[in-house]
Amino acid sequence: MTGETITDSPATYAGTTDAATLAERSEGWRDRYTAAMMLTFAPPRAMLVRGAGCYVWDENGTEYLDFLAGIAVNSLGHAHPEMVAAVSAQVGTLAHISNYFASPSQIELAERLKRITGAGPAGRVYFCNSGAEANEAAFKLARLNIGSEPGRPRTRILSLHESFHGRTMGALALSGKPAMRAPFLPVPGGVEHIHATFEALEAAIDDTVAALFLEPVQGEAGVIDLPDGFLRRARELCTRHGVLLILDEVQTGAGRTGDWFAYQHDGILPDAISIAKGIGGGVPIGALVTFGATSELFQRGQHGSTFGGNPLATTTANTVLGIIERDGLVANAARRGEQLRDLILGFDSPHILEVRGRGLLLGIGLAEPVALKLADAALEAGLIINAANESTIRLAPPLIVGEAELAEFGRRFGLALASL
Ligand SMILES: *Cc1c(COP(=O)(O)O)cnc(C)c1O
């Protein structure tokens, strides 16, 4: 014990909005963060204590329009009343039970995911808790696709340069970012990274490949779109050579790109997808969804997770996806995304080169490496946006975003741009 005395009651840890209490609990937070937290993250940009809809507030009551949504997580914005009610009711009924037992919400969510992904009757769902974990499951799935040719096993896994699939060892092996991997070698082997070109794809795929991993839009790389027709060509080649096409829809899924999942824009079906982020609306959940015969690869005892698919997480995701469906938020993402793109291009600023991405996952390509400066200026103007890299601003507002929030974005982003 360090001798620090805990004087508050446990109840004060939840949902405090009292200004005096917040001020007291936030006192000296920057130094305390630095002293107590692992050094893995850059210093936080602000302390946030409350949210409602597309807005959040810091400990001093300063308001921010949130156009990052916890990195494409808060699909329904903050403190959505129906989500609050569902989560609260479930926690007050049954939160966790282990996978020795089933729960109605777990089965319902699996059925819902089979429906909205188009995985169909043969599809199956495995639940976990994050994007990296979903990709770990996908990695193991790929290893199970050993092929049927004796003496010519499928030992290779393909993934793209610059791709991001998460921070655990398998996900790091898949990610096309050597610098991220370097301190932690060796990572699991057999992964080859290729460029997102038709030539590279055609040269790399043959009967020795077990799986091809792709993000339909590379979010972390700076919201980079795949070349037109790339997914369809990948589907053709994977089908021809018995390669699993595994799509990482962790960032692009749950309606964000203006379709439930980004591959649906291309009219193809993958063999598996990893999902997380937006499906839980802020409560951690991840999943691997398999299509067709791929669903029979995993056998009993080959994978598992203590928390995966618990009643709390699956009730939440069911509620979030149900609201997205009922309120037409997938179509809203498509429509507002177009408006947002037009709004940004309408600034006619020498700093803005292009807008990439789709729906409400947009990347603003900047002419100079000023993304961090612009994100800081935006924060000053009461707007949360993200510098995905030094020359890209990433926008991923909640799917509930409307006319009023877009107008407010325009005002605050305009102020930030003008200050560059
Ligand atoms: C965020 C992300 C991940 C990792 O998800 P975590 O929940 O942080 O583990 C994996 N893939 C993509 C495409 C992501 O955007």
Side-chain angles (χ1 to χ4, degrees), residues 38 40-42 68-75 117 126-142 157-177 180-181 184 187-188 191 193 196 211-226 230-231 245-257 260-263 270 272-289 305 307-309 313 316-317 320 356-363 386-389 392-397 399:
M38 200 67 72
T40 51
F41 295 102
L68 181 58
I71 318 183
V73 166
N74 303 100
S75 305
T117 57
Y126 167 80
F127 289 117
C128 51
N129 313 284
S130 67
E133 257 186 87
N135 284 324
E136 291 293 334
F139 198 140
K140 286 175 78 171
L141 180 82
I157 292 176
L158 304 178
S159 168
L160 293 186
H161 287 298
E162 301 303 321
S163 61
F164 179 76
H165 298 289
R167 300 292 202 141
T168 53
M169 291 304 249
L172 268 183
L174 293 171
S175 297
K177 308 221 180 213
M180 222 177 242
R181 207 162 41 229
F184 305 107
V187 293
V191 181
H193 295 94
L212 168 65
F213 280 80
L214 297 174
E215 294 162 89
V217 178
Q218 293 187 331
E220 297 301 307
V223 193
I224 310 291
D225 302 292
L226 288 175
F230 190 87
L231 260 190
L245 176 59
I246 302 180
L247 299 181
D248 182 339
E249 290 260 5
V250 169
Q251 194 157 155
T252 48
R256 176 145 299 276
T257 67
W260 272 120
F261 298 94
Y263 59 83
I273 62 169
S274 51
I275 53 178
K277 290 196 167 101
I279 60 171
V283 169
I285 182 168
L288 175 71
V289 183
S305 158
F307 292 121
T316 309
V320 169
R356 301 185 293 266
R358 194 156 199 166
L360 290 174
L361 179 60
L362 294 180
N386 168 248
N389 59 42
T392 305
I393 291 291
R394 172 173 46 182
L395 303 179
L399 307 188

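For reference, positions follow the sequence shown, starting with 1. First listed ligand is number 1; within each ligand, the first listed atom is number 1.
With respect to atom 5 (O) of ligand 1, the closest heavy atom belonging to the protein is G131 CA, 3.2 Å. Of the protein's non-hydrogen atoms, the one nearest atom 4 (C) of ligand 1 is A132 N, 3.7 Å.
Residue F230 places its CZ atom among more than 12 non-hydrogen atoms of other residues, nucleotides or ligands, all under 6.0 Å distant.
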Audit row: L214, L160, side-chain contact (heavy atoms from CB on, under 4.5 Å) steps and yes/no = CA-CA 7 Å; L214 297 174; L160 293 186; 3.5 Å; yes

CA sep, side-chain torsions, deciding dist, call: R356, T392, side chain to side chain donor-acceptor pair (under 3.5 Å) = CA-CA 10 Å; R356 301 185 293 266; T392 305; 3.0 Å; yes

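Each of the following atoms of ligand 1 lies closer than 4.0 Å to a heavy atom of K277: 1 (C), 2 (C), 3 (C), 14 (C), 15 (O). Residue N135 has at least one heavy-atom neighbour below 4.0 Å for each of these atoms of ligand 1: 10 (C), 11 (N). Counting atoms of ligand 1 from 1 in the listed order, those under 4.0 Å from a heavy atom of S130 are 7 (O), 9 (O).
Contact detail for P216 and A262: the closest heavy-atom pair is CB-CB, 3.5 Å.
The heavy atom nearest to atom 12 (C) of ligand 1, out of those in T252, D248, N129, L361, is found in D248.
Below 3.5 Å of separation, one finds an N or O of Q251 facing an N or O of ligand 1.
Note that atom 8 (O) of ligand 1 has no protein non-hydrogen atoms nearby, at separations under 4.0 angstrom.
Residue contacts with ligand 1 for H165 involve N, CA, C or O but no side-chain atom from C-beta outward (heavy atoms, distance under 4.0 Å).
Between L158 atom CG and S163 atom OG the span is 11.0 Å, to the nearest 0.5 Å.
By the 30° and 60° cut-offs, the orientation of the rings of F213 relative to F139 is tilted.
A salt bridge links E220 to R394: one of the charged nitrogens lies within less than 4.0 Å of a carboxylate oxygen.
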